[in-house]
Amino acid sequence: MKRIGVFTSGGDAPGMNAAIRAVVRQAYALGLEVIGIRRGYAGMILGEMVPLGVRDVANILQRGGTVLLTARSQEFLTEEGRAKAAEKLKAAGIEGLVAIGGDGTFRGAMRLLEEHKVPVVGVPGTIDNDLYGTDYTIGFDTAVNTALEAIDRIRDTAASHERVFFIEVMGRSSGFIALDVGLAGGAEVIAVPEEPVDPKTIAEGLMESLRRGKSSSIVVVAEGAYPGGAAGLLAAIQEHVRVEARVTVLGHIQRGGSPTAKDRILASRLGAAAVEALAGRTRYLLLLPGPEARAWLEAAGKGLVRPEELSVWRRGETPFTAKGWDEALARLEEVAHAGG
Ligand code: ATP
């Protein structure tokens, strides 16, 4: 592999720039050229590409957003759109891709891989933290800290005016931000999309707090936790009790801003690791339980990445080292037959 492409797609997340920088710098260290693809899959279809040298990514580590820009593409959802994108990649001599984005971006990358055999490594970049297989996604920590700062300020007002505040944070279908922000900010109630939200129970809880002498409360609501978000939930609660409350929707301020140290480090590590994987330099450490490890190895072994040496470890089993996928698969088979 001589030339790889990198792009950001879906919602922007603080730390995406740090990941782009790491990809370019690691590629340089391994003797690979990098092409930056602008505007995600939309730009890929149009062939919007720029060569990225080591100097081009100087001073972007600390910047929020993404210098490669991002977009959502309807056309890429079609087979024709993906064929056009694959054509542009081929014309530019791009042999592998690093996709930085969320679950939609990864789904698109899988299609590109299945239909056009373009090797892709995904770097999880989304403030939502809703990607399977990784504890944290790039941007989540920054979003949580930004929302927390806002909540701390609102709490000052809430305490002074003896009011209840309903604060809506991002999260249409996942409550990770709400949960972390609520815990760190000492919220009385946290409403997330993953759990049923009952306005009557919340109303009783708030009244109980008042009876116990609590004069102000914070209720953190993920935007998808209740129809109409925080405002919708407050209206539903007011059908049960008259509660003096204000609603604040934090909105897009949670997306931007300079990434935290944690996000910069995660982005730098994952960006570098993605290039190593594409270049076949990875020593994989599998932490998957049971048959998933085998399925994963088989999928990855279809000629995509071919590390020379792998460390394989399944929970509860002794780790072993294998030379290449075939040996690793054979060894896993042995363990399965031995009743492992
Ligand atoms: P975030 O979660 O932060 O919004 P995301 O990566 O999930 O990020 P999406 O808008 O869902 O954002 O996906 C980005 C792009 O990926 C879409 O605009 C579309 O072009 C492509 N994509 C999403 N799902 C698919 C799919 N099933 N098949 C092909 N392409 C897809």
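Position 1 is the first residue of the sequence, and the numbers go up from there. These numbers were taken from a predicted model, which means no experiment stands behind them. Counting starts at 1 for both ligands and their atoms, in listed order.
In the displayed structure, Glu204 atom CD is contacted under 6.0 Å by more than 12 heavy atoms of other residues, nucleotides or ligands. Taking a 6.0 Å sphere around CG of Asn59, one finds it holds 12 or fewer heavy atoms contributed by other residues, nucleotides or ligands.
When only non-hydrogen protein atoms are considered, atom 17 (C) of ligand 1 lies nearest to Ser73 N, 4.0 Å. Ranking protein heavy atoms by distance to atom 11 (O) of ligand 1, first place goes to Gly104 CA, 3.5 Å. If you check which protein heavy atom lies closest to atom 12 (O) of ligand 1, you get Arg72 NH1, 3.0 Å. Of all protein heavy atoms, the one lying nearest to atom 28 (N) of ligand 1 is Arg111 CG, 3.8 Å. Closest to atom 14 (C) of ligand 1, if we only count protein heavy atoms, is Ser9 OG, 3.4 Å. From the protein, the heavy atom lying nearest to atom 7 (O) of ligand 1 is Asp103 OD1, 2.7 Å. The protein atom (non-hydrogen) at minimum distance from atom 6 (O) of ligand 1 is Thr105 OG1, 2.4 Å. Among protein heavy atoms, atom 31 (C) of ligand 1 sits closest to Leu77 CD2, 3.4 Å.
Transitive grouping of hydrophobic side chains (ILVMFWY, heavy atoms separated by less than 4.5 Å) keeps Ile167 and Val164 in distinct clusters.
Near Gly10, the atoms of ligand 1 lying under 4.0 angstrom from a non-hydrogen atom of the residue are 5 (P), 6 (O), 8 (O), 12 (O), 14 (C). Within ligand 1, counting atoms from 1 as listed, the ones closer than 4.0 Å to a heavy atom of Thr126 are 1 (P), 2 (O), 3 (O). Atoms of ligand 1 found under 4.0 Å from any heavy atom of Gly11, numbered from 1 in the order shown, are 1 (P), 3 (O), 4 (O), 8 (O). Heavy-atom contacts of Tyr41 reach the following atoms of ligand 1: 15 (C), 16 (O), 20 (O), 21 (C) (cutoff under 4.0 Å). Less than 4.0 angstrom separates some heavy atom of Gly102 from each of these atoms of ligand 1: 5 (P), 6 (O), 7 (O), 8 (O). Residue Arg82 has at least one heavy-atom neighbour below 4.0 Å for each of these atoms of ligand 1: 29 (C).
Put simply, the residue from Val192, Leu179, Ile151 that forms a side chain to side chain contact (heavy atoms under 4.5 Å, CB included) with Val220 is Ile151.
The pair Glu208-Arg211 meets the salt-bridge criterion, since a charged nitrogen lies less than 4.0 angstrom from a carboxylate oxygen. The residues Arg246 and Glu244 are annotated as salt-bridged, a charged nitrogen and a carboxylate oxygen being separated by less than 4.0 angstrom. Using a cut-off of 4.0 Å between Lys/Arg side-chain N and Asp/Glu carboxylate O, Glu48 and Lys88 are scored as not salt-bridged.
The part of Asp128 lying near ligand 1 is the side chain, judged by heavy-atom distances below 4.0 Å.
Side-chain atoms of Arg163 and Ser217 form no donor-acceptor pair, as typed in the model, at a separation below 3.5 Å. Using a 3.5 Å distance cut-off with no hydrogens or angles, the side chains of Thr70 and Asp12 do not pair a donor with an acceptor.
When the heavy atoms of Gly101, Gly81, Ala99, Gly108 are ranked by distance to atom 30 (N) of ligand 1, first place goes to Gly108.
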Test side-chain contact (heavy atoms from CB on, under 4.5 Å) applied to Ile127 and Met170, step by step: CA-CA 9 Å; Ile127 61 166; Met170 280 191 168; 3.5 Å; yes

